[in-house]
Amino acid sequence: MRVHTAPALRFEGIYTPIVTPFKEDFEVNWQALEDIVDFLIVSGVHGLISGGSTGESYAQAVDERLEIARFIHERIQGRVPLIVGTGAMLTGESVALASGARELGADGILLASPPYAVPTDRENALNALAIDRAANLPIMLYNYPGRTGTMMGEEFLDRVGRSRNFCGIKESSGDINRLHLLARDYPHVQLGCGMDDQALEFFAWGARFWVCGGANFLPCEHISLYQSCAVEGDFTKGRRIMAAMMPLMRVLEQGGKFIQTIKHGVAIAGLDAGAVRPPLKPLNKDEKRALELVVRVLKTTVAAVDSGR
């Protein structure tokens with residue numbers, strides 16, 4: 001039986017899963033992180049996410065993840081909401097991250113399935129509810145079976161729906177039928193795009209937020225697509241912007257080097273994103289040139305669309 005509850009928080013707009021800039025020794029570059037936070041907020045993004053996969057959270061211990069989240073929260077100074085990622089293999093680590101998010105004053109948490117364990121829907125729901133109890137904050141679910149190996153199925157959604165804190169879902173399965181299911185059968189769960197190349201389809205089905213790694217270096221262009229489709233309902237304009245962005249979607253996935261590509265994009269934007277932590281390696285020269293060309297063309301094209309040309 002589905003239990004519909006009023007949402008605890010409205011997720012609206014572009015939520016950027018912020019990168020973590022590192023120095024050459026792989027320590028956090030705090031000044032660079034402050035610069036990126038300010039750049040994103042001034043550019044108009046609607047919220048920031050700390051401790052997501054784009055932030056390389058998988059390569060950080062719990063204490064470090066909370067230190068980064070605390071730093072970002074202090075630099076935001078209430079200008080936009082901060083959502084803190086709680087994804088981890090161990091329930092205890094996720095609970096610690098959730099408790100820490102509450103203590104530092106976060107506005108919500110991002111909750112994914114624990115990777116590798118492949119829990120059942122019931123087990124996954126009980127895990128999620130334990131994390132919910134620790135945080136007692138608005139929750140943005142993160143369904144990404146490509147990374148976790150687990151789909152947040154209907155039994156899972158029904159069980160967690162008994163808590164009003166589960167108020168949104170970043171859907172990253174890539175399965176268009178999931179989009180239809182969520183929009184039709186779970187209208188009380190705010191629908192968010194987590195699959196960049198399906199953003200237009202998500203907005204057509206009523207999604208009100210988009211969690212997009214590319215907004216780390218092209219925030220204005222991502223905001224433009226959101227504004228056209230989700231706010232103005234102008235899908236003719238939205239299709240033109242989406243067509244311009246599709247080459248970016250392809251290059252972001254080049255050889256599976258998503259985070260490396262995002263970080264080089266941040267460098268193109270004139271900010272210091274630094275190295276990626278092992279086991280990842282940076283892009284090669286050809287990959288960097290390919291991204292630089294795509295970004296130049298995309299910015300020019302979207303600017304032309306926005307100006308009515």
Side-chain angles (χ1 to χ4, degrees), residues 1-12 15 17 49 51-53 57-58 62 81 83-102 106-195 198 202 205-209 211:
M1 177 180 175
R2 295 183 178 126
V3 179
H4 294 203
T5 56
L9 175 70
R10 297 299 304 179
F11 296 115
E12 299 272 349
Y15 278 72
I49 297 176
S53 51
S57 60
Y58 53 81
V62 170
I83 310 300
V84 174
T86 62
M89 279 195 178
L90 301 177
T91 300
E93 291 187 351
S94 289
V95 166
L97 287 161
S99 298
R102 184 193 66 240
D107 298 280
I109 62 172
L110 181 70
L111 193 157
S113 303
Y116 198 79
V118 194
T120 65
D121 262 6
R122 177 181 177 275
E123 291 167 335
N124 201 14
L126 292 174
N127 179 74
L129 289 165
I131 297 164
D132 174 28
R133 286 192 295 273
N136 194 26
L137 290 170
I139 293 171
M140 181 189 294
L141 291 168
Y142 183 13
N143 185 48
Y144 195 178
R147 281 189 182 265
T148 65
T150 302
M151 181 75 77
M152 292 177 170
E154 292 176 68
E155 182 184 352
F156 170 87
L157 294 170
D158 292 343
R159 283 179 176 271
V160 301
R162 295 165 187 165
S163 166
R164 69 185 298 269
N165 287 332
F166 291 88
C167 52
I169 184 166
K170 175 191 176 186
E171 177 58 37
S172 302
S173 66
D175 181 356
I176 201 71
N177 292 311
R178 278 279 301 187
L179 170 55
H180 301 158
L181 170 76
L182 292 167
R184 185 185 65 244
D185 294 346
Y186 295 88
H188 54 293
V189 180
Q190 298 161 50
L191 180 60
C193 178
M195 210 68 188
Q198 295 177 352
F202 269 82
W205 279 92
R208 297 297 304 170
F209 69 94
V211 180

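Residues take their numbers from the sequence shown, with the count starting at 1. Heavy atoms only: backbone and side chains are in, while hydrogens, waters and symmetry mates are out. If you're wondering where the values come from, they're calculated on a predicted model, not measured in any experiment.
- Rounding to the nearest 0.5 angstrom, the gap separating the CG atom in Asp185 from the CG atom in Asp158 is 9.5 Å.
- Of the inter-residue distances, the one linking Leu141 atom CG with Leu110 atom CG reads 8.5 Å to the nearest 0.5 angstrom.
- No side-chain heavy atom of Val84 sits under 4.5 Å from any side-chain heavy atom of Leu97.
- The side-chain contact (heavy atoms from CB on, under 4.5 Å) test with Arg178 is passed by exactly one of Ser173, Pro145, Ser172: Ser173.
- Taking CD1 of Ile139 as the reference point, atom CD1 of Ile169 lies at 12.0 Å (rounded to 0.5 Å).
- Taking every heavy atom of both residues into account, Val95 and Ala134 meet most closely at CG1-CB, 3.7 Å.
- Between Ser53 and Arg147, some side-chain heavy-atom pair lies under the 4.5 Å cut-off.
- Side-chain contact between Ile49 and Met140 is present, with at least one heavy-atom pair separated by less than 4.5 Å.
- Atom CZ of Phe156 is separated from atom CG of Leu126 by 10.0 Å, given to the nearest 0.5 angstrom.
- We find the CE-OH distance between Met195 and Tyr144 to be 6.0 Å, quoted to the nearest 0.5 Å.
- Using a 4.5 Å heavy-atom cutoff, the side chains of Arg159 and Arg122 are in contact.
- Residues Leu111 and Tyr142 have side chains not in contact (no heavy-atom distance under 4.5 Å, counting atoms from C-beta outward).
- The two residues Leu137 and Ile109 make their nearest non-hydrogen contact at CD1-CG2, 4.1 Å.
- Between His188 and Tyr186, the two ring planes are tilted [angle within 30° to 60°].
- Counting heavy atoms from C-beta outward, Leu191 and Leu179 have side chains that approach closer than 4.5 Å.
- The backbone N or O of Cys167 lies less than 3.5 Å from a partner atom in the side chain of Gln190, making a donor-acceptor pair.
- Heavy atoms only, all atoms of each residue included: Asp107 and Pro81 are closest at OD2-CA, 3.2 Å.
- In this structure, His180 and Trp205 have side chains that are in contact, with non-hydrogen atoms separated by less than 4.5 Å.
- Using the six-membered ring where Trp is involved, Phe209 and Tyr15 have ring planes that are perpendicular, over 60° apart on the 30 and 60° scheme.
- Asn143 places a side-chain N or O within 3.5 Å of a backbone atom of Met152 that can act as its donor or acceptor partner.
- The side-chain heavy atoms of Leu182 and Leu157, taken from C-beta on, include a pair separated by under 4.5 Å.
- Between the Glu155 side chain and the Asp121 main chain, no donor and acceptor come within less than 3.5 Å of each other.
- Here the rule is side-chain contact (heavy atoms from CB on, under 4.5 Å) with Pro114, and of Thr150, Ile131, Thr148, Asn124 only Asn124 fits it.
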Exercise for review: List the steps and the verdict of side-chain contact (heavy atoms from CB on, under 4.5 Å) for Asn165 and Asn136.
Suggested key: CA-CA 7 Å; Asn165 287 332; Asn136 194 26; 3.2 Å; yes
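- Judged by distance alone, the side chain of Glu123 and the main-chain N or O of Thr120 form a donor-acceptor pair under 3.5 Å.
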